[in-house]
Amino acid sequence: QVQLVESGGGSVQAGGSLTLACVVSGSGGMFGTLVMTWFRQTPGKEREYVARISDNGRTTSYAASVANRFYISKDDANTTLFLEMDKLKPEDTALYYCAARWPQSRDDEWWGRGTQVTVSS
């Protein structure tokens, strides 16, 4: 059973930085073949796509709201996904989730429980 556990959230002032991590276990050595995505959600709003990295790590994409401030990466050897967040804004406050799917799947199949990021002005 694939399990995802996020960490690294916390409280920071606007303009600060945080790096989130998502450790994937139970993938049977298949982490390097998974497409990994970060999402975020605030109460009363729909879940929002943040960033995605391809299975081979060569292709990344970002939501317009975080482009040039957030950077997604992964460490296949340690089955860990990262999200480096710089120049944080109060509107980045949310519960951040990581998700995984096979490249041929349309929907994300496995989800973490999230880590809270709070940015104060």
Side-chain angles (χ1 to χ4, degrees):
Q1 178 72 16
V2 177
Q3 293 185 327
L4 287 67
V5 179
E6 303 93 338
S7 63
S11 298
V12 64
Q13 289 191 329
S17 300
L18 282 174
T19 297
L20 306 183
C22 170
V23 176
V24 179
S25 61
S27 66
M30 303 298 285
F31 178 80
T33 65
L34 297 172
V35 175
M36 302 296 299
T37 306
W38 285 101
F39 293 89
R40 66 187 182 185
Q41 188 169 22
T42 55
K45 294 187 178 181
E46 292 189 358
R47 186 167 53 214
E48 176 188 14
Y49 160 79
V50 175
R52 179 171 290 124
I53 188 165
S54 63
D55 53 341
N56 61 17
R58 295 174 184 170
T59 302
T60 58
S61 62
Y62 300 90
S65 59
V66 306
N68 299 314
R69 297 189 301 120
F70 289 13
Y71 302 93
I72 190 171
S73 62
K74 66 190 187 106
D75 178 348
D76 287 349
N78 292 296
T79 65
T80 302
L81 174 73
F82 298 100
L83 185 69
E84 179 184 347
M85 306 184 295
D86 298 324
K87 301 177 184 177
L88 283 161
K89 304 175 181 180
E91 50 264 43
D92 295 319
T93 295
L95 187 63
Y96 283 72
Y97 299 89
C98 58
R101 63 174 174 84
W102 301 115
Q104 64 271 28
S105 297
R106 183 179 64 182
D107 298 322
D108 292 283
E109 300 180 44
W110 300 284
W111 294 82
R113 293 188 175 184
T115 185
Q116 179 67 37
V117 172
T118 302
V119 184
S120 59
S121 58

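Residue numbers start at 1 and run along the sequence shown.
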What pairs with [X] under side chain to side chain donor-acceptor pair (under 3.5 Å), at least two apart in sequence or on another chain?
X	result
Ser17	Asp86
Ser25	none
Thr79	none

Check: Checking side-chain contact (heavy atoms from CB on, under 4.5 Å) for the pair Tyr71/Thr60: CA distance, chi angles, key distance, verdict?
Finding: CA-CA 9 Å; Tyr71 302 93; Thr60 58; over 6 Å; no
Give the minimum heavy-atom separation between [X] and [Y], together with the two atoms involved.
X	Y	value
Glu6	Tyr97	OE2-CA, 3.3 Å
Leu88	Leu18	CD1-N, 3.9 Å
Ser121	Pro90	CB-CG, 3.9 Å
Ala51	Leu83	CB-CD1, 4.3 Å
Thr33	Pro103	O-CD, 3.1 Å
Ala100	Leu34	CB-CD1, 4.2 Å

Next item on the list: Hey, could you give me each pair passing salt bridge (Lys or Arg N to Asp or Glu O under 4.0 Å) that has a residue in residues 30-50? Not counting sequence neighbours.
Entry: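 Pairs touching residues 30-50 that pass the test: Arg40-Glu48, Arg40-Asp92.
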Check: Under the salt bridge (Lys or Arg N to Asp or Glu O under 4.0 Å) rule, what pairs show up with a residue in residues 102-119, not counting sequence neighbours?
Finding: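 Passing the test, one end in residues 102-119: no pairs.
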Next item on the list: Sequence neighbours left out, what passes side-chain contact (heavy atoms from CB on, under 4.5 Å) with Ser11? Give chain and number order.
Entry: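 Result, side-chain contact (heavy atoms from CB on, under 4.5 Å) vs Ser11: Thr118.
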Note to self: Would you say that Phe31 contacts Met36 through its side chain, given a criterion of any heavy-atom pair below 4.5 Å between the two side chains?
What the structure shows: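 Yes; the side chains approach each other to less than 4.5 Å.
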Checklist line | Other residues, nucleotides, ligands: >12 heavy atoms within 6.0 Å of Gln104 CD | finding: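 Yes, the 6.0 Å shell around CD holds more than 12 heavy atoms from other groups.
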Item checked: Between Ser61 and Tyr49, a side-chain donor and acceptor under 3.5 Å ->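 Yes, a side-chain donor-acceptor pair sits under 3.5 Å.
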Next item on the list: Mind telling me whether Phe70 and Tyr96 have parallel, tilted or perpendicular rings, with 30° and 60° as the class edges?
Entry: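 The rings of Tyr96 and Phe70 sit tilted, inter-plane angle from 30° to 60°.
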Margin query: What verdict does the side-chain contact (heavy atoms from CB on, under 4.5 Å) test give for Thr93 and Gln116, after you've listed the backbone C-alpha separation in whole Å, the side-chain angles of each residue and the deciding distance to 0.1 Å?
Written below: CA-CA 8 Å; Thr93 295; Gln116 179 67 37; 4.0 Å; yes
